[in-house]
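Worksheet for the structure shown next.
Start at 1 and go down the list; that is how both ligands and their atoms are numbered.
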Amino acid sequence: MSAEYFGIGMTSARTRERLIRRLRDEGIRDLRVLERIRETPRHLFVDEALASRAYEDTALPIGNGQTISQPYIVARMTEALLEPGSLENVLEVGTGSGYQTAVLAPLVRRVYTTERIKVLLDQARRRFQALNIRNIVTKHSDGGVGLPEYAPYDGIIVTAAPEGIPLALVEQLNPGGCMVLPVGLRDQQVLVRVIRTDDGYEREILERVSFVPLLGGVC
Ligand code: SAM
């Protein structure tokens with residue numbers, strides 16, 4: 001990575017402020033979330049060739065047929081996860097570039113993040129190290145079954161879409177815990193917030209979205 005890649009050129013305060021204004025216009029209200037988007041260097045989570053587009057409000061390719069999520073979606077999911085109450089430990093399914101993880105990590109005590117594609121996870125690990133983010137535990141595994149060894153969680157965020165709400169994940173939430181996830185096939189997906197109750201869960205549909213599918217196995 002060149003000095004310019006890390007330098008002020010790609011990260012001009014003006015470019016980031018434009019993104020924050022756009023997120024506000026799109027309805028993001030939580031100031032903690034807006035601050036995290038402002039402070040997280042998204043250009044370090046994409047290939048150098050795409051760094052000049054890092055502060056556009058758009059998803060970008062990260063290789064292996066996967067994408068770094070659109071900043072609006074990262075902000076919206078983080079806001080929806082934090083809204084019901086404070087969170088100590090959070091499970092993220094689908095590390096991808098690690099951008100969502102890095103946005104979330106300073107807002108909670110610990111993030112456990114799982115990714116099925118090893119090369120993506122290794123890249124994300126290097127980014128967390130370079131940015132000195134120390135409260136992230138990474139795991140190369142199929143997150144569709146959760147991460148039972150660290151459960152229960154106060155929050156779960158899923159960044160790839162299952163066809164329905166995975167019960168294995170609901171069962172790894174604390175009572176009152178919150179999960180935010182896209183659900184459904186590509187053209188009919190909705191973002192859903194699930195709250196675990198004593199006898200099951202309650203679900204709230206937030207908005208339409210478009211995510212890559214949640215797949216089984218590891219590679
Ligand atoms: N939030 C990420 C970011 O900001 O870069 C974007 C994640 S990308 C939209 C979805 C990720 O979920 C991909 O990296 C994909 O490999 C991963 N994924 C899909 N199914 C998975 C599974 N069962 N377990 C773990 N990761 C999975």
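For ligand 1, the atoms closer than 4.0 angstrom to any heavy atom of Val212 are 9 (C), 10 (C). Heavy-atom contacts of Ser141 reach the following atoms of ligand 1: 24 (N), 25 (C) (cutoff under 4.0 Å). Close approach of ligand 1 to Ile117 (heavy-atom distance below 4.0 Å) involves ligand atoms 16 (O). For ligand 1, the atoms sitting less than 4.0 Å from at least one non-hydrogen atom of Gln100 are 1 (N), 4 (O), numbered in the order shown with element in parentheses. Ligand-side atoms of ligand 1 in range of Asp142: 22 (C), 23 (N), 24 (N), range being under 4.0 angstrom from any heavy atom. For ligand 1 and Thr114, the ligand atoms under 4.0 Å from any heavy atom of the residue are 25 (C), 26 (N). Near Ala160, the atoms of ligand 1 lying under 4.0 angstrom from a non-hydrogen atom of the residue are 12 (O), 19 (C). Less than 4.0 angstrom separates some heavy atom of Leu120 from each of these atoms of ligand 1: 14 (O).
Nearest non-hydrogen protein atom to atom 12 (O) of ligand 1 is Gly94 CA, 3.3 Å. Annotation: atom 21 (C) of ligand 1 to nearest protein heavy atom, Arg116 CD, 3.4 Å. Shortest contact from atom 7 (C) of ligand 1 to any protein heavy atom: Thr159 OG1, 3.3 Å. The nearest protein atom to atom 13 (C) of ligand 1, hydrogens excluded, is given as Gln66 OE1, 3.2 Å; this is a heavy-atom distance.
Every residue two or more places apart in sequence or in another chain was checked for a side-chain hydrogen bond (donor to acceptor under 3.5 Å, both in side chains) with Asp25, and none qualifies.
Considering backbone and side-chain N/O atoms, Glu115 comes within less than 3.5 Å of an N/O atom of ligand 1. Remark: ligand 1 and Gly143 share an N or O pair separated by less than 3.5 Å (distance only, no angle test).
Selection from Val103, Leu215, Val218 by nearest heavy atom to atom 23 (N) of ligand 1 gives Leu215. Taking all heavy atoms of Gly63, Pro166, Ser97 into account, the minimum distance to atom 3 (C) of ligand 1 is reached by Ser97.
Looking at Glu35 and Arg32, no side-chain N of the basic residue comes within less than 4.0 Å of a carboxylate O on the acidic one, giving no salt bridge. Under a 4.0 Å N-O distance rule, the pair Arg22/Glu26 qualifies as a salt bridge. In summary, Arg38 and Glu17 engage in a salt bridge, as defined by a charged side-chain N under 4.0 Å from a carboxylate O.
When all heavy atoms of Leu81 and Cys178 are compared, the pair lying nearest together is CD1-O, 3.7 Å. Closest of all the heavy-atom pairs between Val158 and Met77 is O-CE, 3.2 Å. Between Ile20 and Leu34, the shortest heavy-atom contact is CD1-O, 3.4 Å.
Heavy-atom distances between Ser69 and ligand 1 reach below 4.0 Å in at least one pair. In this structure, Val74 does not count as a contact residue of ligand 1, since none of its heavy atoms falls inside 4.0 Å of the ligand.
Between Phe128 and Phe45, the ring planes lie tilted relative to each other; the angle falls in the 30° to 60° range.
When Leu19, Val74, Leu60, Val103 are each tested for a side chain to side chain contact (heavy atoms under 4.5 Å, CB included) with Arg42, only one passes: Leu60.
Looking only at atom types and distance, the side chain of Thr159 has no donor-acceptor partner in the side chain of Gln100 under 3.5 Å away.
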